[in-house]
Amino acid sequence: MNLLEGLNPQQQQAVSAGTGPILVLAGPGSGKTRVLTHRIAYLIGVLGVRPYNILAVTFTNKAAREMEQRVVHLLGENTRGLMLGTFHATCARLLRREAEHLPFDSSFVIYDADDQVSLVKTALRELNLDEKQYRPQGIHALISNAKNELILPDDYPVQTYRDEVVSRVYRRYQELLLASNALDFDDLLLWTALLLEQNPAVRERYARRFEHVLVDEFQDTNQAQYSLLKHLASFHRNLYVVGDTDQSIYGWRGADYRNVLRFQKDFDDAQVILLEQNYRSVQSILDVATAVIDRNPYRTPKRLFTERGAGQKITLYEAYDDRNEAEYVVETIAALVARGQSRPGDFAVMYRTNAQSRLLEEAFLRNNLPYRLVGAQRFYGRREVKDVIAYLRLVHNPSDEVSLTRVINTPARGIGNKTYLELRTEAQKLRLSSGALLLKMVEKPGLPQLKAMGRRAADALSKFGEMLARWRAVKDETSPLELIDRILLEVDYRAYIDDGTEEGRDRWENVQELRRLASEYQEQGLTPFLEQLALVSDQDTVETNGNAPTLLTLHAAKGLEFPVVFIVGLNDGTLPHARSFDDPDAMAEERRLLYVGITRAKDRLFLVYSQFRSQFGYQEAVEPSRFLEDVPEALVDSPQLSRSRPTSPYASDAVRWQAPGRGSAPVVQQRYHPGMHVRHPVWEDGMVLNSRIQDDDEILDIFFEKVGLKRVAASLARLEIRQ
DNA sequence: ATGGACAATGTTTTT
DNA sequence: CATTGTCCAT
């Protein structure tokens with residue numbers, strides 16, 4: 001197969017470029033992923049590089065999965081040994097392998113943002129600092145930023161008293177992490193960068209191995225990531241980065257698009273290749289996008305062009321208020337579908353903040369139309385899910401203080417704050433983690449520490465300790481699913497969570513979803529399961545092949561495309577967000593965010609703003625977004641402003657492309673039917689026996705040839721429909 | 001120790 | 001307004 005076939009000259013140049021540092025500046029829709037995957041295939045298939053000597057990193061698991069599939073598709077199965085994954089997963093792997101050089105051991109657990117904040121709280125309390133004055137969230141953000149810039153507690157710049165406090169909290173926070181044998185998200189990058197920096201032997205081993213290092217979305221890298229990339233490519237200097245500074249929207253997370261400039265400075269022999277042909281959008285949409293982004297300073301102008309034709313004008317709509325805005329969106333979608341111009345799945349509605357999804361959801365619900373919501377309430381962020389995960393983590397690693405804190409009295413078992421505090425104090429005296437002390441109390445029931453406490457407290461503690469010890473005893477012989485079931489049973493979790501209300505039922509259903517997830521790790525065991533849980537993100541669960549409009553934030557929209565895009569809430573204060581007003585860099589990022597949104601659209605674009613907006617309870621007059629001033633009038637079509645009294649929703653049956661679902665939950669299109677043959681990644685072939693919509697998911701009963709009857713959630717099980 | 005009622009408080013984006 | 005924390009009665 002000719003790997004250059006079907007590529008335009010710029011893409012061919014990028015794919016077949018020689019070795020050495022290479023920077024590909026890829027405009028939106030210019031076939032960036034295509035270039036990257038063809039490049040990998042080219043290295044292996046044409047240049048004869050062994051897959052083992054290639055590293056490719058992405059930001060999301062979804063991107064990694066997609067690339068992997070496409071490379072395999074191009075090469076056949078010829079990719080064994082290729083290291084392809086997210087920054088975080090790749091670093092986690094490397095750190096586990098090299099743990100002997102590091103102050104933690106290879107069974108470390110990974111703390112997410114919630115865990116991080118609770119650990120900051122612990123540190124604040126230990127240092128007798130006021131949580132009101134030093135908000136944990138804020139402190140956490142500062143620590144996180146420092147880590148992203150490779151600043152350790154000792155180097156934390158202190159100019160004010162507050163800085164001094166932060167550096168103290170940071171130091172303690174880091175100690176607590178190590179005591180828990182835990183790393184936070186940022187640590188994965190930080191420790192990897194430090195290890196490569198400070199350990200020449202390790203650095204050289206990896207640098208020699210990776211003859212080629214490829215990076216997706218390079219504009220989103222932070223300093224830690226840039227540093228570790230440089231180290232990994234330090235021997236062969238074949239660093240191939242693809243990105244677009246105009247799509248840099250993660251500055252608040254430490255991403256620094258100036259890494260693109262740094263790259264050109266650090267590698268002054270780098271080849272720079274520009275991809276300007278857009279395969280996604282019609283010209284009118286590209287022109288609007290260009291007009292908006294051109295106002296940003298310090299950028300290399302790109303001339304985006306397309307062969308998809310001029311396209312129709314974009315639509316600008318002024319609604320009376322935000323409720324009307326949502327109604328307009330839903331009505332318009334319904335009308336376009338009713339006219340047969342588009343299918344429901346063609347639409348995306350994008351907004352600046354998650355909170356804005358609510359009015360949209362309500363509008364869809366009022367009109368009995370289904371929709372897909374991306375992100376918002378994170379599955380893994382739900383209390384019951386976190387509880388069960390915390391139990392698993394504690395069994396895996398009893399030193400995990402954050403998890404212990406979470407579950408030691410959940411469900412309530414008579415271990416209150418005071419008892420837990422005593423346990424911690426005693427543990428600290430013995431230089432043990434609380435979990436370790438608990439286990440020790442079980443081994444040696446006569447420990448003096450027990451006597452120091454009240455009888456009731458000691459009883460409750462040892463009962464919990466015994467449970468923990470029992471789970472640990474079986475953890476290596478049982479599958480994650482069996483372990484979960486055992487834990488659920490022994491702590492009587494269902495009785496705690498499922499109180500008979502609808503909410504309780506939902507909660508229990510979430511636990512069931514976690515069980516289903518666990519069942520995919522039957523053979524692999526607890527460690528990979530926990531790692532997977534820690535490193536999946538919302539982005540990874542976005543499915544674009546649904547049959548209903550997608551609601552998502554502008555951030556979540558990056559990397560996706562839709563035939564018709566609505567961007568709502570184009571008001572000053574919302575987009576750009578008020579918090580960015582006083583910072584020119586932040587304002588530039590807001591503008592890029594709008595640019596990303598606009599360039600998601602293939603055929604049609606609707607920009608929507610309103611005169612009034614309810615901030616919280618109150619309705620407030622708001623201004624249209626200042627960014628709208630930069631949209632050339634010639635490209636805009638504004639419908640006559642007749643909506644201060646909204647027309648009645650299109651209620652004809654024609655527009656109800658699906659019957660309303662039960663309850664108030666979002667309705668999901670049924671995609672599976674009895675008799676359908678499907679394939680599951682683990683259980684392989686099976687036949688659908690039954691399908692029902694429940695909550696916002698489709699629940700399937702499937703009979704698998706190999707393992708028999710299973711119940712799965714369509715959104716979670718990666719099913720493939722077979723003909 | 002527990003659970004409920006009330007108050008305060010704070011609202012961006014998330015690997 | 002919706003979540004989170006704090007206080008108070010059991």
Side-chain angles (χ1 to χ4, degrees), chain A residues 57-64 85-92 110-114 116-118 121 131-132 135-138 140-141 144 147-148 184-190 216-217 220-222 224-225 248-255 350-359 374-378 380-381 383 408-421 454 456-457 459-460 496 499 534-542 552-559 569 573-581 583 586-587 589-590 592-594 596-597 614-619:
Chain A
V57 278
T58 63
F59 274 86
T60 65
N61 293 292
K62 184 164 167 265
T86 65
F87 269 101
H88 294 267
T90 306
C91 288
I110 299 168
Y111 280 177
D112 69 14
D114 282 352
Q116 294 178 47
V117 172
S118 35
K121 280 186 196 160
E131 284 180 44
K132 293 262 160 60
R135 289 218 315 281
Q137 297 270 4
H140 163 242
S144 178
K147 289 184 170 188
N148 290 157
D184 66 21
F185 270 150
D186 306 311
D187 277 340
L188 294 173
L189 309 173
L190 175 71
D216 189 19
E217 306 278 18
D220 286 337
T221 53
N222 59 34
Q225 285 158 329
S248 162
I249 55 174
Y250 286 104
W252 49 273
R253 209 171 73 193
M350 303 175 186
Y351 35 81
R352 176 68 237 262
T353 67
N354 274 310
Q356 292 172 261
S357 73
R358 235 180 75 188
L359 285 174
V374 174
Q377 238 287 25
R378 233 173 106 75
Y380 297 101
R383 192 175 77 216
I408 194 167
N409 201 32
T410 308
R413 54 174 71 89
I415 306 175
N417 277 326
K418 214 169 137 230
T419 308
Y420 181 39
L421 189 66
R456 255 178 41 177
D459 277 355
Y496 164 72
D499 52 4
L535 296 179
V536 287
S537 69
D538 287 334
Q539 301 276 297
D540 299 327
T541 59
V542 183
L552 74 182
T553 62
L554 288 160
H555 282 90
K558 195 167 79 159
T574 306
L575 182 65
H577 196 272
R579 279 182 71 137
S580 303
F581 283 161
D583 178 352
M587 284 300 276
E589 184 154 313
E590 298 284 317
R592 291 194 292 269
L593 202 45
L594 175 57
V596 166
S614 17
Q615 296 291 67
F616 39 121
Y618 296 94
Q619 212 167 54

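The sequence lines fix the lettering, A, B, ..., with proteins before strands; numbering per chain opens at 1.
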Query raised in the report: Are A/H577 and B/dT12 stacked, counting the six-membered base ring, centres under 5.5 Å, planes under 30°?
Result: yes
Requested in this report: Establish, yes or no, whether a centroid distance under 6.0 Å links the rings of A/F185 and A/Y111.
Outcome: no
Query raised in the report: What is the distance, rounded to the nearest whole Å, between atom CG of A/N417 and atom P of B/dA1?
Result: 8 Å
Report task. Measure the distance from CZ on A/F59 to P on B/dT14 and round it to the nearest whole Å. Result -> 15 Å
Query raised in the report: So does A/K147 pair up with A/D184, basic N to acidic O under 4.0 Å?
Result: yes
Report summary line: Which of B/dT15, B/dA1, B/dT13 is nearest the side chain of A/T60? It is B/dT15
Query raised in the report: Taking CG from A/L552 and P from B/dT13, how many angstroms apart are they, rounded to a whole number?
Result: 13 Å
**Report entry** A/D184 CG to B/dT14 P, straight-line distance once rounded to whole Å
**Finding:** 19 Å
Query raised in the report: On a plain distance test, is the side chain of A/H88 in donor-acceptor contact with the base of B/dT15 below 3.5 Å?
Result: yes
Requested in this report: State, yes or no, whether a side-chain contact exists between A/V57 and A/D216 at a heavy-atom distance under 4.5 Å.
Outcome: no
Report task. Would you mind reading off the distance between A/R253 atom CZ and B/dT12 atom C1', rounded to a whole angstrom? Result -> 13 Å
Query - N/O (side chain, A/R579) to phosphate O (OP1/OP2, B/dT12) under 4.0 Å - result: yes
**Report entry** With sequence neighbours excluded, residues passing salt bridge (charged side-chain N to carboxylate O under 4.0 Å, His left out) with A/E217
**Finding:** A/K32, A/K558
Query raised in the report: With nearest nucleotides of DNA chain B determined for A/L535 and A/R352 from heavy-atom distances, which residue corresponds to the more 5′ nucleotide?
Result: A/R352
**Report entry** Under-4.0 Å side-chain N/O to phosphate OP1/OP2 contact, A/N409 with B/dT2
**Finding:** yes
Query raised in the report: Which comes earlier along DNA chain B counting from the 5' end, the contact point of A/L189 or that of A/Q137, where each point is its nearest nucleotide?
Result: A/Q137
Report task. Taking A/E589 for its side chain and A/G251 for its backbone only, find out whether a donor-acceptor pair lies under 3.5 Å. Result -> yes
Query raised in the report: If only side-chain N and O atoms of A/N354 are considered, is one of them under 4.0 Å from the OP1 or OP2 phosphate oxygen of B/dT14?
Result: yes
Report task. Write down the distance separating the P atoms in C/dT6 and B/dT11, rounded off to the nearest Å. Result -> 16 Å
Query raised in the report: With respect to the phosphate group of C/dC1, does any side-chain polar atom (N or O) of A/S614 fall under 4.0 Å of OP1 or OP2?
Result: no
**Report entry** Where protein sits on nucleotides 2-10 of chain C, one letter per nucleotide: B base, S sugar-phosphate only, - none, heavy atoms under 4.0 Å
**Finding:** S--S-----
**Report entry** side chain to side chain contact (heavy atoms under 4.5 Å, CB included) partner of A/K121, the single match among A/Q137, A/H140, A/Q116, A/E131
**Finding:** A/E131
Query raised in the report: What is the distance, rounded to the nearest whole Å, between atom CZ of A/R135 and atom C1' of B/dG10?
Result: 7 Å
**Report entry** Side chain of A/A556 - closest among B/dA1, B/dT14, B/dT15
**Finding:** B/dT14
Report summary line: Nearest heavy-atom contact between A/A460 and A/R413 is CB-O, 3.6 Å
Report task. Answer yes if the ring centres of A/Y250 and A/H555 are under 6.0 angstrom apart, and no otherwise. Result -> yes
**Report entry** Rounded interatomic separation in angstrom, taking CD from A/Q356 and P from C/dC1
**Finding:** 17 Å
Query raised in the report: Starting at CH2 of A/W252 and ending at P of B/dT14, how long is that distance when rounded to a whole Å?
Result: 6 Å
Query raised in the report: Hey, is the side chain of A/T419 poking within less than 4.0 Å of OP1 or OP2 on B/dA1, counting only N and O atoms?
Result: yes
